[in-house]
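A short write-up of the structure that comes next.
A note on names: the letters A, B, ... follow the listed sequences, proteins ahead of strands, and every chain is numbered from 1.
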Protein chains: 2
Amino acid sequence: MLTPRDLAILDILQRDSDTPLADIGAKVHLSPSACSRRIAHLRENGYIRRNVAMIDRARVGLPTTVFVTVSARTHSAGWTEQFRHAVAQIPEIVEVVRLTGSIDYLLRVVLPSVDDYDRVYKALVARIEMNTVNASIVMETVKAAETLPLG
Amino acid sequence: MLTPRDLAILDILQRDSDTPLADIGAKVHLSPSACSRRIAHLRENGYIRRNVAMIDRARVGLPTTVFVTVSARTHSAGWTEQFRHAVAQIPEIVEVVRLTGSIDYLLRVVLPSVDDYDRVYKALVARIEMNTVNASIVMETVKAAETLPLG
DNA sequence: ATTGAAAGGGTGTCGAT
DNA sequence: ATCGACACCCTTTCAAT
């Protein structure tokens with residue numbers, strides 16, 4: 001369903017979607033037109049969702065990242081729905097996942113500075129009751145692959 | 001240095017970098033050529049780093065995400081360097097940040113299945129001694145903005 | 001310095017061989 | 001898969017503000 005050649009193309013495009021078809025073709029030993037068809041196929045079948053611009057967060061005034069762990073007030077469908085609604089309304093919360101273990105949710109918050117976290121915290125507690133909320137500031141990005149381990 | 005119009009353009013491009021200049025121009029009330037120039041400036045000045053393809057992880061056989069918290073064995077320059085080197089060598093570890101608080105590092109691991117985590121764990125402990133290692137499996141993605149809160 | 005209109009060039013796409 | 005023609009879109013130039 002997905003040949004090694006397709007994976008190689010995906011690997012190129014996840015690093016730079018502006019790569020000319022001629023360059024892609026040279027790397028995977030295919031003609032530019034054939035690459036075009038493969039890529040169209042990958043798009044139609046949902047392997048490639050869309051192309052996006054990678055913006056330098058620091059450059060646009062959002063250098064700070066805070067991870068927040070949350071444990072639920074109650075384990076009920078109502079609380080879950082309310083929590084989902086709360087985080088959806090706060091744009092600084094850019095990612096929320098539900099986890100196994102004693103911590104229920106992990107939130108990634110992107111901000112101009114650590115001082116701004118207080119705003120997000122207050123916005124959150126105003127919308128939903130939580131058992132525990134624990135914020136950790138990102139001091140350093142050790143690895144940012146931003147790329148999937150393909151192949 | 002960065003007008004509201006520039007932010008609007010960035011907001012469009014971080015969602016879909018294939019948006020034609022004519023469409024962008026219509027939204028920000030600018031001609032396509034003017035948009036082209038603005039974007040070129042944004043690239044040159046480092047606001048836009050590059051364009052990348054968003055790949056559907058599940059579709060390419062990597063549906064599982066595991067977050068791992070690590071506390072250091074010792075707080076020394078040597079350990080830190082060795083840890084940095086260790087995570088750099090393991091492709092499944094796609095993101096590593098150093099945090100404030102009792103947990104030193106947060107790792108994001110992308111895998112075909114939860115069973116594959118054991119491989120990553122063993123690869124990690126073979127390379128670096130750690131005080132505590134704690135893995136939490138992502139059960140559900142509640143919010144995946146994948147977009148910065150601009151404007 | 002920044003804009004819009006029009007010309008020019010590059011690149012992707014589609015057909016035929 | 002290669003070749004060639006077409007079409008589209010981005011880019012550049014130029015006059016104007």
request  = Indicate whether any N or O donor in one side chain lies under 3.5 Å from an N or O acceptor in the other, for B:T3 and B:R38.
outcome  = no

query = Would A:D18 and B:R43 satisfy salt bridge (Lys or Arg N to Asp or Glu O under 4.0 Å), going step by step from the backbone distance to the final call?
reply = CA-CA 13 Å; A:D18 294 329; B:R43 279 189 146 281; 3.2 Å; yes

query = Counting distance only, does the side-chain N/O of B:N45 pair as donor-acceptor with the main-chain N or O of B:Y47 below 3.5 Å?
reply = no

key: From CA spacing to verdict: side-chain contact (heavy atoms from CB on, under 4.5 Å), B:T65, B:R57   = CA-CA 10 Å; B:T65 300; B:R57 281 195 298 111; 3.1 Å; yes

key: Heavy-atom closest pair, residues A:V66 and A:A135   = CG1-CB, 3.8 Å

key: Gap between atoms CG and C1', on A:L30 and D:dT2 respectively (whole Å)   = 12 Å

message = Test salt bridge (Lys or Arg N to Asp or Glu O under 4.0 Å) on A:R108 and A:E92; report intermediate values, then the result.
response = CA-CA 8 Å; A:R108 180 200 296 264; A:E92 290 90 343; over 6 Å; no

ask   = Looking for any heavy atom pair under 4.0 Å, which part of the strands does A:P32 touch: base, sugar-phosphate only, or nothing?
value = nothing

inquiry  = Which helical stems does DNA chain D take part in, if a stem means at least 3 consecutive Watson-Crick or G-U pairs with both distances below 3.5 Å?
reply    = C:1-7 with D:11-17, C:9-17 with D:1-9

Got a list of protein N/O to nucleotides 5-8 of chain D N/O distances below 3.5 Å?
none

ask   = Parallel, tilted or perpendicular: which fits the ring planes of A:Y117 and A:Y121, with parallel below 30° and perpendicular above 60°?
value = tilted

ask   = Just by distance, do the side chain of A:S71 and the backbone of A:T132 share a donor-acceptor pair under 3.5 Å?
value = yes

query = Hey, is the main chain of B:I55 close enough, under 3.5 Å, to the side chain of B:R59 for a donor-acceptor pair?
reply = no

ask   = Is there a donor in the side chain of B:R98 and an acceptor in the side chain of B:T80, or the other way round, less than 3.5 Å apart?
value = no

Base D:dA1 paired with A:S33 side chain (donor-acceptor, <3.5 Å) = no

key: Nearest-Å distance for atom pair CG/C1', residues A:L21 and D:dC9   = 15 Å

query = Hey, can you pull the residues of residues 36-51 of chain B with a non-hydrogen atom under 4.0 angstrom from DNA chain D?
reply = B:S36, B:R37

message = Without decimals, in angstroms, what is the distance between B:D18 CG and D:dC10 C1'?
response = 13 Å

key: Sub-4.5 Å side-chain heavy-atom contact between A:L107 and A:F67   = no

